[in-house]
2 protein chains.
Amino acid sequence: MATIKDVARLAGVGVGTASRAISGNGSVSADALARVNEAVAALNFRPSTTARALSTRSAGMIGIYVPDFAGDFYGPILHCVDRELRAANRHMVAANGCGPADISIDDMEAHRQQALDGIEFLIERQVDGLLVMGDALTDADCDALWERVPRLVLLNQVSPSNLLHCFSSDHELAGRLVARALLAKGHRDIACISGLQYAHDNASRMAGFHSELALHGVKIPKSRQMVGDFSFDGGHAAATKLLKKGLNFTAVFCANDMMAMALISCFGHAGVRVPEEVSVIGYDDSALARYTHPRLTTLSIPIQRTAISGCRFLLNQCYGLSLPVEREFPPEVVWRESLLDGPHAG
Amino acid sequence: MATIKDVARLAGVGVGTASRAISGNGSVSADALARVNEAVAALNFRPSTTARALSTRSAGMIGIYVPDFAGDFYGPILHCVDRELRAANRHMVAANGCGPADISIDDMEAHRQQALDGIEFLIERQVDGLLVMGDALTDADCDALWERVPRLVLLNQVSPSNLLHCFSSDHELAGRLVARALLAKGHRDIACISGLQYAHDNASRMAGFHSELALHGVKIPKSRQMVGDFSFDGGHAAATKLLKKGLNFTAVFCANDMMAMALISCFGHAGVRVPEEVSVIGYDDSALARYTHPRLTTLSIPIQRTAISGCRFLLNQCYGLSLPVEREFPPEVVWRESLLDGPHAG
DNA sequence: CTGAAAGCGCTTACAG
DNA sequence: CTGAAAGCGCTTACAG
């Protein structure tokens with residue numbers, strides 16, 4: 001591998017000049033520039049990113065923590081972030097929650113620890129900035145993290161002490177929109193399957209959902225409130241339990257589309273027809289929502305735009321850029337076929 | 001941030017000794033070790049990975065290229081790789097195919113270029129080794145790549161000049177198993193939807209599928225051979241076209257589960273019942289296969305084990321480790337409910 | 001076992 | 001505009 005010394009020698013200039021010519025920082029005569037460029041080409045020179053990182057104290061990389069690479073939620077986010085980073089000539093080091101294969105779904109502490117471990121790992125890798133997809137982190141965790149690494153943006157969660165560094169849709173409002181959609185269609189006997197208990201976005205959406213319902217005088221009995229974990233399996237288990245208690249509801253809200261799909265499958269096998277007998281509404285508007293049968297009516301949050309803006313904000317902070325960033329990511333329901341008129345319609 | 005000089009001073013030793021104590025390379029007296037450890041703790045010292053990288057000429061990071069972070073295929077792979085890497089105290093820099101949003105599904109050249117760009121990006125980032133998920137790369141591309149970076153393992157594709165660095169199931173055999181499953185169930189009027197044309201794993205499975213069928217005297221007319229792209233949308237479009245030509249088949253093979261699911265949805269909306277009227281068999285045994293309705297009979301390839309072994313092999317090459325690696329990743333069909341007896345059964 | 005020194009490959013004041 | 005030099009924070013022969 002050629003080093004900058006080699007190109008300086010070949011170009012007949014000092015290494016300082018070579019460096020200035022190559023990096024574009026500092027001025028060089030047209031003549032010197034040309035000779036350096038020639039030498040670079042001749043030697044097929046590529047500056048060492050690690051040497052550069054050491055002297056500039058900037059690794060040129062951003063860490064991103066996501067709870068899980070599997071599932072259909074985080075992939076599109078990684079995709080966007082990769083694109084943004086590469087457009088800015090930076091790269092991404094990604095980590096997800098690792099650990100004991102089977103953590104119980106209500107073991108918040110284990111999930112929290114996984115997130116903390118993954119983030120710690122990234123910090124130790126000396127990333128310039130950190131993107132973290134909200135999960136089981138407490139506000140105190142976030143504060144502690146921001147204390148250590150100010151260049152951390154929280155995605156899909158808002159932690160009150162540092163709103164500027166949080167990028168998220170309003171999940172509470174989104175939950176309300178779900179409730180309104182159900183109500184508007186004339187459903188009052190409703191069931192629900194929530195996501196991971198300690199995930200903040202889940203908590204917000206369920207809170208909004210229930211309180212909007214309450215506003216209109218409908219209360220979901222505990223026996224019709226199931227807890228899932230955002231996975232197919234969790235959704236299926238919850239749907240099974242729900243069914244065991246009898247079909248005393250006309251619609252169910254699933255806190256994400258994967259669980260909605262699992263529920264449709266479960267109900268189908270049990271011989272209850274969706275949406276004729278029971279309507280279902282999902283959440284996320286993920287890719288599969290258009291391909292379940294029936295197609296899913298679901299709540300869409302612009303998660304990719306959220307991630308892009310969070311990423312750009314971070315890039316601006318870390319490298320003094322001024323990429324445009326949005327702050328509003330309004331949720332909306334997208335109507336398809338899984339939600340039909342209920343008994344109280346019209 | 002404390003540097004190793006600070007800890008050396010505090011511990012009252014030379015920086016060489018401090019370095020040996022901290023890194024564990026080279027011997028130090030128990031006494032010195034203790035003092036260094038104390039100093040490390042007192043200063044909360046973390047060695048700079050980039051300085052270390054510069055002097056050891058090893059960045060401690062492995063690049064991984066996957067065609068797409070979205071979809072349900074690559075997520076689980078990233079998950080495994082992250083786990084393996086972190087267990088070895090290394091990290092992952094990931095890149096996926098970026099570029100113009102809408103590349104036509106048969107624009108092999110554009111896909112190939114995307115892969116080449118992503119890999120180039122990773123190489124420039126000076127990763128110690130490279131994991132690449134096979135995609136539109138030609139054998140010549142692979143050879144050129146191996147020439148430049150010998151520490152590259154190819155996943156899910158085999159390129160003949162360097163079998164040692166390829167980790168993949170035998171997709172050709174897998175295609176044959178699909179054909180045998182269909183034949184065994186008494187189907188002879190068959191349709192199929194292939195995946196991305198230029199993806200090698202797709203080509204192999206379709207080749208195996210068709211030639212095994214031919215061995216038993218069944219030939220699928222062109223009019224029943226659709227081409228998809230592994231996505232829901234592509235599968236749906238292909239299924240729609242298939243239906244337009246009439247229902248003159250009793251079973252269809254979809255080259256992955258997402259397309260199978262899209263097909264089931266499409267057929268369902270068109271009023272043709274799966275599996276009563278037409279059976280379907282998928283490929284991958286992805287997470288959703290158990291949650292379609294009917295549940296999917298599908299071909300399972302142990303892709304995670306494949307990725308893990310490829311990753312370990314690379315780790316062994318790059319860092320002189322000797323992690324165990326497997327070489328056999330046998331495919332098998334997993335029977336569920338979407339494939340019923342056909343007219344020639346029994 | 002240990003310390004002083006050179007080196008990894010860049011960047012960036014500094015003096016000219 | 002330019003070159004010589006110091007520095008980024010480690011590691012690793014080398015001599016003792």
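All values below were derived from every heavy atom in this structure, side-chain atoms included, with hydrogens, water molecules and symmetry-related copies excluded. Naming convention: chains lettered A, B, ... in sequence-line order (proteins, then strands); numbering from 1 in each chain. Values in this document were obtained by computation on a predicted structure and should not be read as measured data.
Asp68(B) is linked by a side chain to side chain donor-acceptor pair (under 3.5 Å) to nothing, counting only residues two or more places apart in sequence or in another chain.
In this structure, CG in Leu85(A) is found 5.5 Å from CG in Leu315(A), a value given to the nearest 0.5 Å.
Among residues at least two apart or in separate chains, there is no ring-ring contact (aromatic ring centres under 6.0 Å, His included) pair with a member in residues 44-68 of chain B. Pairs engaging residues 111-137 of chain B under the ring-ring contact (aromatic ring centres under 6.0 Å, His included) rule: His111(B)-Tyr198(B) [sequence neighbours left out].
What separates CZ of Arg35(A) from C1' of dG3(D) is a distance of 13 Å, to the nearest Å. Rounded to a whole Å, the CD1 atom of Ile4(A) is 12 Å from the P atom of dG3(D). The interatomic distance linking Gln126(A) (CD) with dG9(D) (C1') rounds to 10 Å, in whole Å. Rounded to whole Å, the distance from CD1 on Ile22(B) to P on dG3(C) is 13 Å. Straight-line distance from the CE atom of Met1(B) to the P atom of dG7(D): 20 Å, rounded to whole Å. Atom pair Lys5(A):NZ and dA4(D):C1' shows a separation of 12 Å (rounding to whole Å applied).
Residue Ala32(B) is classed as a sugar-phosphate contact, given heavy-atom separations below 4.0 Å to backbone atoms only. Counting non-hydrogen atoms under 4.0 angstrom, Ser27(B) reaches a base of the nucleic acid.
Taking a 4.0 Å limit (strictly below) on heavy-atom distances, residues 39-52 of chain A reaches DNA chain C at Phe45(A), Arg46(A), Pro47(A), Ser48(A), Ala51(A), Arg52(A).
By the 4.5 Å heavy-atom criterion applied to side chains, Val132(B) and Leu154(B) are counted as neighbours. Two residues are said to be in side-chain contact when any heavy atoms from C-beta on lie closer than 4.5 Å; Asp139(A) and Pro160(A) meet this criterion.
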Practice problem: Can you run through DNA chain C from 5' to 3' and write each base as (, ), [, ], | or . depending on how it pairs? Watson-Crick or G-U wobble, both distances under 3.5 Å. | Solution: |||.||||||||.|||

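Comparing Gly12(B) and Leu54(A) by the nucleotide of DNA chain C that holds the closest heavy atom to each, the one mapping nearer the 5' end is Gly12(B). Comparing Ser29(B) and Arg57(B) along DNA chain C, the residue whose closest nucleotide (by nearest heavy atom) sits nearer the 5' end is Ser29(B).
Among Ser169(B), Cys80(B), Cys311(B), the single residue meeting the side chain to side chain contact (heavy atoms under 4.5 Å, CB included) criterion with Thr306(B) is Ser169(B). Of the options Ile4(A), Thr17(A), Leu33(A), a side chain to side chain contact (heavy atoms under 4.5 Å, CB included) to Ile22(A) is made by Ile4(A) and by none of the others.
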Below 3.5 Å is the cut-off: list the nitrogen or oxygen pairs between protein and nucleotides 12-15 of chain D, distance only.
from	atom 1	to	atom 2	distance (Å)
dA13(D)	N6	Arg20(B)	NH1	3.3

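Residues Arg112(B) and Asp141(B) share a closest heavy-atom pair of NE-OD2, 2.6 Å.
Under the 3.5 Å distance criterion, the side-chain polar atoms of Asn156(B) are left unmatched by any main-chain donor or acceptor of Met133(B).
Ring pair Phe313(B)/Phe167(B) is tilted by interplanar angle, where 30° to 60° counts as tilted.
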